[in-house]
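Okay, structure first, notes after.
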Amino acid sequence: MKAFTYERVATPAEAAAAAAKNDGAKFIAGGTNLLDLMKLEIETPTHLIDVNRLALDKIEATPEGGLRIGALVRNTDLAAHEGVRRDYALLARALLAGASGQLRNRATTAGNLLQRTRCPYFYDTAQPCNKRTPGSGCSAIGGFSRQLAVVGVSDACIATHPSDMAVAMRALDAVVETVKPGGEARTISIADFHRLPGNTPHVETALEKGELIAAVTLPPPVGGKHVYRKVRDRASYAFALVSVAAIVQPDGSGRVAVGGVAPKPWRIEGAEADMRRGAKAVTDGLFADARPTHDNEFKRTLAQRTLGSVLTEARG
Amino acid sequence: MPMKFDTPATTNPIDQLKVVGKPYDRIDGPLKVCGRAPYAYERHDVVENPAIGYVVGAGIAKGRINSFDLAAAKAAPGVLAIVTHESAGKLGIGKRNIAKLLGGPEIDHYHQAVAVVVAETFEQARAAANLVRVDYAPSKGAFDLHASKDGAVKPNMGEDEPDSATGDFSAAYEAAPVKLDETYTTPDQAHAMMEPHASLAAWDGDKVTVWTSNQMIDWAASDLAKTLDIGKEKVRIVSPFVGGGFGGKLFLRADAALAALGAKACGRPVKVALPRPLVFNNTTHRPATIQRVRIGATRDGKILAIAHETWSGNLPKGRPENAINQTRLLYAGEHRMTATRLATLDLPEGNAMRAPGEAPGMMALEIAMDEAAEKLGIDPVEFRILNDTQVDPEKPERRFSQRRLTECFRIGAEKFGWSARPQVGAWRDGRWLVGLGVATAFRDNKVMTSGARMRLSANGRVAVETDMTDIGTGSYTIIAQTAAEMMGLPLERVDVRLGDSSFPVSAGSGGQWGANSATSGVYAACVKLREAVARQVGIDPATAEFADGEVRGGGKSASLAGVAKTQDIVVEDAIEFGDLDKTFQQSTFGAHFVEVGVDAATAETRIRRMLAVCAAGRILNPKSARSQVIGAMTMGAGAALMEDLVVDKERGFFVNHDLAGYEVPVHADIPHQEVVFLDETDPYSSPMKAKGVGELGICGVAAAIANAIYNATGVRVRDYPITLDKLLDAMPEGRA
């Protein structure tokens with residue numbers, strides 16, 4: 001870990017100002033991912049801005065009938081919230097499929113969105129990685145890639161985004177509210193929030209330098225059956241090989257986002273039009289542009305089978 | 001003269017079973033649950049103000065160090081010393097190490113230590129270690145066992161022979177009416193113990209004490225002396241608590257050597273723990289294997305011919321994974337052959353992991369037996385019973401000391417409900433395809449010389465001192481039980497001190513020999529203490545009885561507390577084993593039964609229940625023995641379903657080198673386990689009449705799971721681990 005300075009801020013404006021002032025600054029909330037990465041010197045911030053004291057830990061109803069989730073709401077609290085469990089069960093289920101009780105107690109909503117890939121080469125600083133050290137190359141392409149992405153990838157990077165929560169939020173059409181260093185607020189749809197790697201895999205989100213997530217807003221509930229299925233090699237405490245977040249309406253229409261297959265939660269609205277035709281039709285659309293490796297080609301089939309099973313469950 | 005065990009045991013005080021054989025809680029349990037058990041990295045009690053060493057691992061798999069740039073690291077805050085091969089002085093290499101523990105200029109494998117950076121704090125040491133710049137000249141290495149298989153050679157295996165042959169395998173196999181010929185693969189695996197390798201070293205003049213985490217104290221002392229090029233008498237090793245080893249701590253490793261070198265360089269005690277990623281590539285692992293099994297049988301299921309060939313890889317001078325051993329002994333059959341071949345690979349050193357040889361060997365052989373049974377149309381339990389043998393099949397004049405494998409199967413089948421085993425693919429429970437599987441458990445019973453010192457004090461307490469280790473197994477407790485039984489004392493009047501090279505050399509913890517051998521050493525020392533006590537009070541040692549805290553005989557009695565009133569009575573002895581393990585084949589046996597569910601759409605396999613029935617001699621403590629077996633079954637579940645140290649065949653290292661990437665079972669993976677021990681004693685094994693169980697429990701488990709998956713799905717996977725991608729194409733659901 002590189003030496004760093006630390007300050008604690010009380011308001012979003014202070015946070016933004018602190019970020020503007022310090023070139024190598026990072027925000028820290030739960031720290032469940034950032035601290036690990038700092039110990040390994042994958043992240044080397046020179047200054048940490050502790051945002052835990054910001055009053056962003058509330059879950060409130062919006063005038064439109066949705067929910068506004070503060071950036072600092074802990075994953076445990078979000079999963080246990082009555083309104084979430086009733087109206088956005090997909091989100092509660094996705095949260096509980098991730099990490100462990102201890103980590104969820106600490107991890108925040110914003111931090112979960114910003115967690116970084118678990119690609120093993122990203123974690124080994126002796127190995128080339130374009131995400132960690134831009135321009136150094138990708139060890140995963142041609143290396144061990146069983147866990148990695150099959151779609152949305154580039155020649156520079158095939159890492160996945162590891163979040164479960166974000167997959168559910170993608171299916172729920174969540175909107176990310178932010179505050180820029182200048183103090184102005186803006187909203188970013190979850191679809192646009194995470195970026196595909198292209199030639200710049202180290203740029204992972206639409207956030208600008210020093211921009212702070214204030215909240216995530218969910219539109220009014222859409223009803224339907226909510227199923228989150230996470231498929232992995234062991235029963236608990238592992239990242240998804242494939243996860244499926246589905247909302248299925250009584251008429252057979254619905255929404256699907258897939259985790260574990262792409263650098264971001266993977267949803268193509270156009271593919272959902274085929275929901276009534278079954279899982280294969282949907283996943284054919286979702287993976288039309290897939291570029292799997294030998295190691296992870298199975299994920300396409302797995303996503304189809306998992307969605308098939310989810311649809312059966314939802315319609316049963 | 002140590003006690004020589006060369007004739008079968010007759011009745012002795014252990015047979016009273018007043019204390020031995022009872023399910024006592026661990027006597028060290030309170031220390032552990034209160035956080036007071038002194039593990040190596042937390043020895044705040046033994047030295048003041050230690051400095052911290054952080055190990056720099058090689059960033060290439062093979063090649064040479066051109067140069068170091070240490071300027072930035074040396075200038076970093078808090079740095080006290082940096083030791084590299086250039087500054088370490090003359091170093092030797094331990095007898096049991098293949099690659100140097102401090103590498104350079106040649107690099108033998110990825111994450112081989114190339115430097116230790118010592119600083120005032122852990123954070124400073126780690127930060128400075130990241131500033132060490134090493135200029136490497138990489139060279140090409142061999143990292144792919146499959147690609148290197150054809151170049152594999154007949155290895156030097158010391159006492160063991162690489163090849164064996166009895167009868168005429170080829171002819172008998174060709175003539176056999178039913179034949180099976182299949183090849184199986186097992187991956188590299190990691191011990192993945194909870195406590196990483198850790199050591200604290202302090203010099204006093206030219207003597208060094210190392211508090212460490214090690215299974216074999218005497219090996220560690222010898223090899224540290226050799227590595228540091230000093231006399232063994234200058235080295236003291238202390239390891240009273242070990243947070244898991246599984247074979248990964250059998251040998252001196254870089255933490256101990258570099259703590260000693262770092263302490264010497266900075267003139268202060270130094271402690272070093274291996275960061276988790278280094279545990280995977282810096283230390284040892286279980287090597288991957290390719291195994292070919294051929295079985296030829298009569299139509300009614302008698303094995304006529306059996307062959308097992310295995311290929312593994314290792315660094316030059318490394319040993320092969322002896323995966324064929326059990327096949328020489330387990331099933332009858334007149335015509336037999338085995339062969340072991342070794343390829344040179346430039347991966348980290350392959351070495352012992354829980355049940356080396358048998359664990360991967362049984363993963364292959366026991367699927368082959370299931371496949372052969374199916375070809376024959378015979379129930380796999382019956383097929384194994386049909387080919388049971390009471391003698392060494394290669395040397396029929398040599399019989400097993402005890403072999404109750406058939407009983408294990410009969411009892412297990414009854415208890416598990418084996419007769420309800422469905423036709424392949426026929427049992428559906430909701431979204432799960434359900435199947436049952438079975439396999440034999442088999443592991444040799446090894447014995448090792450083991451010593452102990454006994455002290456009877458004025459307070460009437462008995463203390464045992466031996467360099468035996470407790471790696472979470474329960475050694476403290478069974479040693480206390482042994483001494484209590486021998487001396488006629490309640491358990492709480494026995495103190496046990498372990499893991500110190502100033503104590504008599506013991507068997508240590510390895511090869512499942514520890515419990516039987518170490519308690520036998522304590523038995524020998526107790527016999528000597530009984531003699532000394534009896535003589536002191538004028539009782540004939542031959543007739544003296546020890547009970548209720550007293551020694552009695554010839555109409556006299558005396559309390560043990562009184563005997564040592566003026567002076568402690570201290571004796572030392574050891575047990576040495578004769579050739580009963582040569583004249584008889586000593587092994588441990590069991591039967592594993594498993595029920596699995598496989599998701600009909602996603603092919604996720606989840607274990608539903610497991611049963612092991614074990615025949616392993618006298619069970620010294622049913623509670624700790626059960627813990628050993630269920631732990632081993634869990635490790636077998638990992639081997640079957642998820643554990644896979646993945647080799648990057650270009651870059652030459654294990655990629656998934658942390659506990660997020662190298663998955664082992666979590667609680668949710670292991671819903672229900674049951675263990676049954678047959679009530680038996682083996683008088684050929686030792687005066688304790690006990691054998692090992694800690695490794696028996698893993699042998700065969702993975703194959704039982706593989707066989708259950710086949711029963712559930714109809715998919716025969718011969719390539720471990722059995723992850724869902726290998727089953728997916730055959731799953732019936734979720735296709736629409």
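The structure presented is a predicted model; accordingly, all values stated were derived computationally and were not measured. Just the heavy atoms: all of them, side chains too, but no hydrogens, waters or symmetry mates, feed the values below. A note on names: the letters A, B, ... follow the listed sequences, proteins ahead of strands, and every chain is numbered from 1.
- Looking only at side-chain heavy atoms (C-beta outward), A:Arg305 and B:Arg735 come within less than 4.5 Å of each other.
- The two atoms that bring A:Phe298 and B:Asp725 nearest to each other are CG-CB, 3.5 Å, heavy atoms only.
- In this structure, B:Asn656 CG and A:Arg118 CZ are separated by 15.0 Å, a value rounded to the nearest 0.5 Å.
- Across every non-hydrogen atom of B:Thr602 and A:Leu302, the tightest pair is O-CD1, 3.7 Å.
- Proximity to chain B among residues 248-258 of chain A is not found for any residue, judged by heavy-atom separations below 4.5 angstrom.
- Residue A:Glu297 does not touch chain B at all, counting heavy-atom pairs closer than 4.5 Å.
- Taking a 6.0 Å sphere around NZ of B:Lys726, one finds it holds more than 12 heavy atoms contributed by other residues, nucleotides or ligands.
- Note that CD of B:Glu604 is 9.0 Å distant from OG of A:Ser309, once rounded to the nearest 0.5 Å.
- Only the backbone of B:Glu733 comes within less than 4.5 Å of a heavy atom in chain A; its side chain stays farther off.
- When each of A:Gln304, A:Lys39, A:Lys299 is scored by its heavy-atom pairs under 4.5 Å with chain B, the top score falls to A:Lys39.
- At least one side-chain heavy atom of A:Phe144 sits less than 4.5 Å from a side-chain heavy atom of B:Val646.
- Comparing B:Pro275, B:Gly59, B:Ala601 by how many heavy-atom pairs each has under 4.5 Å with chain A, the most go to B:Ala601.
- Scanning both residues, A:Asp233 and B:Met642, for their nearest heavy atoms gives O-CE, 4.1 Å.
- Between the side chain of A:Arg234 and the main chain of B:Val666, no donor-acceptor pair closer than 3.5 Å is present.
- Highest contact tally toward chain A, considering only B:Lys649, B:His111, B:Arg651, B:Arg431, is held by B:Arg651 [criterion: heavy-atom pairs under 4.5 Å].
- Using a 4.5 Å cut-off between heavy atoms, A:Thr283 makes no contact with chain B at all.
- Side chains of B:Glu123 and A:Met1 form no contact here, defined as non-hydrogen atoms less than 4.5 Å apart.
- For the options A:Asp124, A:Thr301, A:Thr306, heavy-atom pairs under 4.5 Å to chain B are most numerous at A:Asp124.
- Side-chain contact annotation: A:Tyr237 with B:Asp669, donor-acceptor N/O pair under 3.5 Å absent.
- At a 4.5 Å heavy-atom cutoff, the contact between B:His657 and chain A is made by side-chain atoms alone.
- Heavy atoms of B:Val664 lying under 4.5 Å from chain A belong to its backbone as well as its side chain.
- Heavy-atom contacts from other residues, nucleotides or ligands closer than 6.0 Å to CD of A:Glu7 number more than 12.
- At a 4.5 Å heavy-atom cutoff, A:Thr312 makes no contact with chain B through either its backbone or its side chain.
- In plain terms, the two heavy atoms of A:Arg229 and B:Asp599 that are nearest each other are NH2-OD2, 3.1 Å.
- Contacts of A:Arg146 with chain B are made by side-chain atoms alone, with heavy-atom separations under 4.5 Å and no backbone atom involved.
- Interface residue A:Leu241: only side-chain heavy atoms are found under 4.5 Å from chain B.
- The line from CD of A:Glu41 to CZ of B:Arg126 is 8.0 Å long, rounded to the nearest 0.5 Å.
- Neither the backbone nor the side chain of B:Leu727 comes within contact range of chain A; no heavy atom of the residue lies under 4.5 Å from a heavy atom of that chain.
- Put simply, of A:Ala3, A:Ala238, A:Ser139, the one with the most heavy-atom pairs under 4.5 Å next to chain B is A:Ser139.
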